[in-house]
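What's counted below: heavy atoms across the whole structure, side chains too, no hydrogens, waters or symmetry copies. Nothing fancy with the numbering, it's 1 onward along the sequence.
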Amino acid sequence: GISLDERLRKNGKMKLEAAADIMLQLCDAVQTLHEHIPPVYHLDLKPSNMILTEDGIKLIDFGSALYGEPELSARTGTPGFSAPEQMNGEAVDERSDIYGLGAVFYTMLCGKGPEKDLKENKKQMRKLSKEIRGIIEHTMHEKREERLANVPELRRALFLAMEQHAGGVIRKRMKILPGIVLTAVSAGTVYGINAEHITEWKQLLAAGLMMLICFIWFRANGKTDRKR
């Protein structure tokens, strides 16, 4: 496979659906590290350390990783992608990797890595939805206490943001009734995530949404037929 960095340099920034799919795969990988006994903190999460393969995304380069309970960092890592406390040689924890995940998400959506100037970062994010901006801001906050606490929290935030995105897509399609059924059938694409990442209740929600939209479409067509 190729690195995520190569993919971005070749094709530029990614669409939200594709970036969210990669983020969910990264959440799975990083959560596995954090739940390991003892826990593992990667501490150098960046596109060049992520390989895109047919089996999903793979993390490489554990040269900056720390094992066990939080301890003093060796000030290793990559500026822009490593958390401030790590670069300052302070104690690190899972929120330090949360920062790296947020920086990768930012890079995929903006097409370039985060700047030291926070105002410039906000300028780059102005075209993103407020939900997506909120995720980035709450993963890359300078103060770790203000970040999302762990990977499950980040995953939930991603699901909620993609729900909002899907709702916007569906509302647009509602204006063109014949296209509604196609939108519902491709619910996995609308959510922008692979089937393996959708929890059971999400699948039920998608099925219910499909039934509701089909009902509306058939009612609309039925009324048209009666008028004829």
4.5 Å side-chain heavy-atom contact, [X] and [Y]:
X      : Y      : answer
Phe105 : Leu26  : no
Leu128 : Met125 : yes
Val104 : Met50  : yes
Ser129 : Gln164 : no
Ile135 : Tyr106 : no
Met14  : Ile22  : yes
Met162 : Leu16  : yes
Lys112 : Gln124 : yes

Quick one about [Y] and [X] (side-chain donor to acceptor, distance below 3.5 Å, no hydrogens or angles considered), yes or no?
X      : Y      : answer
Tyr41  : Asp93  : no
Thr78  : Lys46  : yes
Glu90  : Gln86  : no
His165 : Glu131 : no

Where the side chain of [X] meets the backbone of [Y], is there a donor-acceptor pair that is under 3.5 Å apart?
X      : Y      : value
Asn49  : Asp44  : yes
His138 : Gly134 : yes
Glu153 : Ala149 : yes
Ser82  : Pro79  : no
Asp97  : His42  : yes
Asn88  : Pro84  : yes

message: I'd like to know if Asp28 pairs up with Arg155 as an ion pair, taking the criterion as any Lys NZ or Arg NE/NH1/NH2 lying under 4.0 Å from an Asp or Glu carboxylate oxygen.
response: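 A salt bridge links Asp28 with Arg155.
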
query: In terms of side-chain geometry, is the basic nitrogen of Arg147 or Glu85 positioned less than 4.0 Å from the acidic oxygen of its partner?
result: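 Salt bridge between Arg147 and Glu85, a charged N being under 4.0 Å from a carboxylate O: yes.
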
Search all heavy atoms of [X] against all heavy atoms of [Y] and return the closest pair with its distance.
X      : Y      : result
Thr53  : Gly56  : OG1-O, 2.5 Å
Pro114 : Gly80  : CG-O, 3.5 Å
Ile136 : Gly102 : CG2-O, 4.4 Å
Gly77  : Ser64  : N-OG, 3.8 Å

Within one Ile-Leu-Val-Met-Phe-Trp-Tyr cluster: Ile51 and Leu43, side-chain cutoff 4.5 Å: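 Each belongs to a different hydrophobic cluster.
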
field: Shared hydrophobic cluster, Tyr67 / Val151 (ILVMFWY, side-chain heavy atoms < 4.5 Å)
entry: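 Same hydrophobic cluster.
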
- prompt: Would one find more than 12 heavy atoms of other residues, nucleotides or ligands at under 6.0 Å from atom NE2 of His34?
  reply: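 Yes, enclosed.
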
message: Pair Leu59, Leu45 - check side-chain contact (heavy atoms from CB on, under 4.5 Å), show working.
response: CA-CA 8 Å; Leu59 295 178; Leu45 295 170; 4.0 Å; yes

- prompt: For Leu52 and Ser3, what are the C-alpha separation, side-chain angles and deciding distance, and is it a side-chain contact (heavy atoms from CB on, under 4.5 Å)?
  reply: CA-CA 6 Å; Leu52 304 174; Ser3 72; over 6 Å; no

- prompt: Yes or no on side-chain contact (heavy atoms from CB on, under 4.5 Å) for Glu94 and Val30, after CA distance, side-chain angles and deciding distance?
  reply: CA-CA 9 Å; Glu94 55 194 327; Val30 175; over 6 Å; no

message: Please determine whether side-chain contact (heavy atoms from CB on, under 4.5 Å) holds for the pair Phe81 and Thr107, giving the CA-CA distance in whole Å, both sets of side-chain angles, and the decisive distance to 0.1 Å.
response: CA-CA 10 Å; Phe81 291 91; Thr107 303; 3.4 Å; yes

